[in-house]
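Here is the structure we will look at, set down as C-alpha cells.
Each chain gets a letter, A, B and so on, in the order the sequences are listed, and its residues count up from 1. Predicted model, so just to flag it, every value in this text is computed and none were measured.
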Amino acid sequence: MEYNFTQIEKKWQDFWEENKTFKTTKDTSKPKYYALDMFPYPSGAGLHVGHPEGYTASDIISRYKRMKGYNVLHPMGWDAFGLPAEQYAIQTGTHPAITTKKNCDNFRRQIKALGLSYDWDREINTTDPKYYKWTQWIFSRLYNTWFDQDMQKGRPIDELPIPAEVEAKGKEAVREYVDEKRLAYYDDAQVWWCNHCKIVCANEEVLNDGSHEKCGTKEVVRKNLKQWMLRIPQYGERLIKGLDGLDWPEGVKDMQRNWIGKSTGAEVDFQLDGVDEKLTVYTTRPDTLFGATYMVIAPEHPALDVIVTEDQSEKVNDYMRAAALKSDLDRTDLAKEKTGVFTGRYAINPINGEKIPVWVADYVLIGYGTGAIMAVPAHDTRDFEFAKEFDIPVICILDPADATDEDSRAQVLAGDACWTEDGAYINSANADNGLDINGMNKADGIKTVIDWLGENKLGKATVNYKLRDWLFSRQRYWGEPFPIIHWEDGEVSIVEDENLPLVLPDMEKYEPGNSGESPLANAEEWLYVTDENGRKGRRETNTMPQWAGSCWYYLRYIDPTNDDAPFDSVQENYWMPIDLYIGGAEHAVLHLLYSRFWHKVLFDLGVVSTDEPYQKLYNQGMILAFAYENASGGKVPSDQVREEEGKFFHKETGEELKQIVAKMSKSLKNVVNPDDVTANYGADSLRLYEMFMGPLDATKPWAENGVKGVFGFLTRVHRFFANMDNIVEGEEDKEVLKLLHQTIQKVEGDINNLRFNTGISAMMIFLNLATKKGKVTKETAETFAQLLAPYAPHLGEELWELYGHSDTITYEPWPEVNESYIKEDTHNYPVQFNGKVRFQKEFAVDADRKAMEAAVLADERAAKWTEGKNVVKVIIVPKKIINIVVK
RNA sequence: GCCUCUGUGGCGGAAUUGGUAGACGCGCUGGAUUCAAAAUCCAGUUCUCGCAAGGGAGUGGGGGUUCGAUUCCCCCCGGAGGCACCA
C-alpha cells in the first residue's frame, strides 16, 4: 500500500471545501482564539516558500486550538492595492483590477493546495469597494478627530474647544484652527519624489543609499507638493506605553521605541544681541548651559534673515543655497566633515550673560526640535567636532573624576576631548542669579537647571519625538480614493458616510502626470462635482498608500460582509485582540506602527474595544537557500554544481566549490517553488519540512534532502499506521504507552511554545518505537493521528477515516496526558567524579540519600576513582545526577 | 558608532529552573535484499589515542562564579538585522 499523497490530499481538500469544515461560527459562548497571518500582496510571481512558513505555523496552532475546544478565527485575504499591477496597466492597458483578480486567484489556488484551515467565507480584498468603503470611513474618522494632549486621547473634532481669541477672528480663523488640530490634514510638504515610479515616497521608503525601496533606482529627488498627512507623533507617548503589555519579540518593541524616538529635555530661550528677537533651542542637556560656547541654527531656519548680519550675509546665503541642493542623505553622508558659517550675530547665554556666536550649519536639522541648538563641544561629540573644525573654544564643565583614567580626565578638563558621560560639575555657578550646580551629578544637574529656567521664564521641560507626521497620499490610480472634495472657495469637505464608497473611476490610461498629478486628474467625469448651491468642487486626486488597507484588515475579518458598519461590535468585542499574529520581521516598524496608531484612534472613538490590536506577535525567519562559490568567491549557479561524497564540484571545470547560504535568486538558480515541492512530495511534506527546518523565528537554508527526510517520515507513518495488520485490539505495551504519553506532552508543549521542530522530532521518535514493536492498539494509533493532524492534516484525516470515523478529525478533542503512564519509579543516575561522568547507577526515585551515597561509594566501579583520594563531598540531585568530589 | 539577535559534528539543528552535549533529520560508512541499481530495512557515525577495554579534548576565543557551565557574569572575535548628525 503506497502513500499516495496526491490522491489523499486532493480528497481531503475537496472534503473540507464541500463541508466548510473550517467555517467560523458566530457562537460567542465558546472561548475564542484569533490566529492571524500577515496577508500577502498577491504578486504575479506567485507564492514562494517563505509564505507557507508562517502560514503553516499559525495553521498548526489553529487546528490545535480547535481540538482544544476553542472557537477559532483564522482568515486569509489580499493586500491587493499596489504598484506592480498599476505599472503593468501602464505598459499593457490592462485594468489593474483584472491583473489583481488573476493574481489573487493564483495565490488562492496555491494556498488552498497547502491544506491551510482558513475560513474562506471571510476572505477579504483591500481593492474591493465593499472593503475600501470602510477604509475611507476610517479616514473620515481620522479627519474628524483631534488629539487632546491633557487626556492623551483622540476626541471628535466637534468637541474641540475653540479659544475665544480665535472665535473672535471669525469663521475662517476657526476653520484654520480646527484644521490644524485634525489628525489628517492637507498641506504643502517637502516630499521625496521618485522620477522612475513617478510617485511620492515616504521617508522610510527611501533607502540609505538614496535609492527607492520599491524600484531600486536612485532617481529620488525632493519636491514640494500638497499632500495628506497624519499626525501620528501625537500618539507617540501612547504608542510607546502600549508596547509594555504586549507579548512581542523584544527586538521589535525596541525598534518601534527607537523609531518613535522619544527624548526629554528642555527648550531654552536665548536673547539675540542687537536685535529684539529670541532664539529658542531644544536640548536634552540643559545642565550643560554653562559650557555652551556657540549656537547653531539650521540653514532653513526662518529666523535666519533677522539673525545674519550685513557683512556675513553673502557667505551665509551661499551656504544656504548649497545646503538646499543637498538632500538629507548628502548631509549625513558627509557626516565626517562638519561645515558651517558664522552668521555675524551673537546671542546671550541666559544662564551667565555671556555672548556666544551664532553659526549656521547643516548638521542641525530643521525638522527636529526647534531647528536650533546650543552647542556644548566639551560634552557633545558633534559639537566637539564642529568646534575643532572652526577653532571655537571648548569649556569643560563636567569633571569625569571617578569615571575614567587620569590621562583621559586631563584631556577632558583641558578641552582636548569630549565627555558625554556622568561626572561632577565644575565652572557651573553664577553668583549673580544664585544658580549653582557645581559638584552635582548629571541627573540632579538637569533637574536643577530645568527648574531654574522655569522659575525665570527662560525655558521649560519639553518632550520631542523623532517620529514625523505620516505622509499619507500617493499620486497613483490603484489605491483608495480620498473621500475629499476641494471646493472653489477653498473649503475642503469630506464625503458623507452614506455616500461611501467613493469608487475608483474606470480609466483608459494610467500614466501619472510628470508634475506629480495622479492619473485620477484625467478622470474628468469623476473629478468635478457641484453642490446643491451650484458651488463647484474638485475631488482629491491623490490616493491612499498601500498601508491604508492593511492598517485595519484584521478587524474586517471579524465581520467581512457587513454593509452597515465596518464590523459588528458584539463580534469585535468577542474576537479582539488578536491572540497570535505571525508575519515577517520586515514589518517590525511601519505596518505594525501605523496599524497600532489607527487602532488607538478607533479605540479612543469607541469603535473598537481594545487599546492594542496584536496581543502576541511572532516573526517567522527568512528562508534562504544554499549557493556555491569557487575559491575566488565567484558564485556558481546551482545547476552547474555536482555533489559527491558531501563535497561540491563544478560540473564543467571540476573545481571544488564551497557551499554557502544566500538569498534565493534567479541568477543563482536556487529558487524553490512551493508548487514543485507539493507536486513531488505533497503538501503535508512541505508543511512538515518548513516546520522541521529549525526554530520558526530563525533564518535557515532550504535543503531538498530535508524535504526527502520528512517525506520519508510521512511515508513510514503511512506504511505503519495505515496498515491495519499493525493496529490491534487489546492492552497496549507499557513502553509504547509511556512514550505515547510523553509524546502527547512534548507535542502539545511545543505547539504552545511555537517550537514545532522538536514536536516533529518527538513524533518521529514515537514512530520509530512503534515500528520496532511492530504493532500498536487502535487507541494508540488514533491518538497518534490526532497528534499528527495539525501538522499533516491530510494524512491525519486519512488515518482517522481508516480507523472507522466518518467525520473530520478537526474537532476531535486533543488527547489528554495520563501522568501515571509517564511516572518513573526509578532513575538511572549518571555518576560523576569531579564533574566527569564515569558510570550509571539506577536508584528508586524516592531512595534515601544516605543509602544512595553509601551504595554509590560501595559500587566496584567507584573504586577506580576514589582510590588513594578523599571523598570530600557527595552531591545528589534527585532525578538528575550524582556528583562525587574527590581530592 | 549605537541597539537587538546569533555562534554547538560534514550539514539543518536538540539539550525544563545550571545537572549524562550532539535528540531528531540529512549526509556518510558497513551490512541485508537485488543479476544489478533505485527504493526499503538493520547497524555505526563529534574529534582524537587505542585491536579492544578504556583514556583525553570538545559548544567562536580568553577569563570568572560553581561540586558541576552550551546555559550565569566580564573582556575579545566573527555573522545577521535595525538605526545612524534627532541636539
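- The side chain of Asp362(A) sits closest to C85(B) out of G25(B), C85(B), C83(B).
- Each of C24(B), A87(B), U20(B) was ranked by its minimum atom distance to the side chain of Met764(A); first place goes to C24(B).
- In the set C24(B), A87(B), U20(B), C24(B) carries the atom at the smallest distance from any side-chain atom of Ile765(A).
- If you check every strand for non-hydrogen atoms under 4.0 Å, Trp865(A) touches sugar and phosphate atoms only.
- Contacts of Lys708(A) with the nucleic acid, taken as non-hydrogen atoms under 4.0 Å apart, are absent.
- Remark: Ser263(A) is in phosphate contact with A87(B), judged by side-chain N or O atoms under 4.0 Å from OP1 or OP2.
- Comparing G12(B), G54(B), A15(B) by their closest approach to the side chain of Pro701(A) singles out G12(B).
- Comparing A15(B), G25(B), C3(B) against the side chain of Thr758(A) picks out A15(B) as the nearest.
- Taking the ring axis of Tyr465(A) as reference, the NZ or CZ atom of Lys262(A) does not stay both within 45° of it and closer than 6.0 Å to the ring centre.
- Mapping Lys879(A) and Arg716(A) onto RNA chain B by nearest heavy atom places Lys879(A) closer to the 5' end of the strand.
- Picking from C85(B), U20(B), A87(B) the nucleotide with the shortest atom distance to the side chain of Thr283(A) gives A87(B).
- For A87(B), one of the phosphate oxygens OP1 or OP2 lies less than 4.0 angstrom from a side-chain nitrogen or oxygen of Tyr368(A).
- Both Met622(A) and Val885(A) lie near RNA chain B, and the one whose nearest nucleotide falls closer to the 5' end is Val885(A).
- As judged by a 4.0 angstrom heavy-atom cut-off over every strand, Asn464(A) is placed among residues making no nucleic acid contact.
- The phosphate of C2(B) has neither OP1 nor OP2 within less than 4.0 Å of any side-chain N or O from Arg257(A).
- G9(B) takes the syn form, because its glycosidic angle lies no more than 90° either side of 0.
- Comparing C67(B) with U16(B), their P atoms are spaced 23 Å from each other, to the whole Å.
- Relative ring orientation between Phe784(A) and Phe721(A) is described as parallel, the plane-to-plane angle staying below 30° on a 0-90° scale split at 30° and 60°.
- A close approach under 4.0 Å does occur between a side-chain nitrogen or oxygen of Arg719(A) and OP1 or OP2 of C41(B).
- Counting non-hydrogen atoms under 4.0 angstrom, Asp254(A) reaches the backbone sugars and phosphates but no base.
- In this structure, Phe692(A) has its ring center at least 6.0 angstrom away from the ring center of Phe713(A).
- Side-chain proximity of Pro695(A) to G54(B), U16(B), A14(B): nearest is A14(B).
- For Asn883(A), whose side chain is taken as the heavy atoms from C-beta onward, the closest listed nucleotide among G55(B), C67(B), G13(B) is C67(B).
- The Lys873(A) side chain lies nearest to C67(B) when the options are A87(B), C67(B), U40(B).
- When the P atom is used for both G25(B) and A14(B), the distance is 15 Å, rounded to whole Å.
- One finds no side-chain N or O of Lys663(A) lying less than 4.0 angstrom from the OP1 or OP2 phosphate oxygen of A80(B).
- Using cut-offs of 30° and 60° for the angle between ring planes, the Tyr829(A) and Phe843(A) rings count as perpendicular.
- Rounded to the nearest Å, the gap between the C1' atom of G81(B) and that of U29(B) is 40 Å.
- Remark: the separation of the C1' atoms in G60(B) and G9(B) is 15 Å, to the nearest Å.
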- Item | Worked verdict on Arg687(A) versus Glu53(A) for salt bridge (Lys or Arg N to Asp or Glu O under 4.0 Å) | CA-CA 7 Å; Arg687(A) 292 169 59 110; Glu53(A) 191 189 13; over 6 Å; no
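- Taking every side-chain heavy atom of Lys466(A) into account, C83(B) is the closest of C83(B), G55(B), C67(B).
- Contacts of Lys700(A) with the nucleic acid, taken as non-hydrogen atoms under 4.0 Å apart, involve only primed sugar atoms and P, OP1 or OP2.
- Remark: Arg468(A) is not positioned above the aromatic ring of Trp259(A), lacking an NZ or CZ atom under 6.0 angstrom from the ring centre and at most 45 degrees off the axis.
- Contact check, Asn705(A) against C11(B): no side-chain N or O comes under 4.0 Å of OP1 or OP2.
- Using P as the reference atom, G7(B) and G30(B) are 35 Å apart when rounded to the nearest Å.
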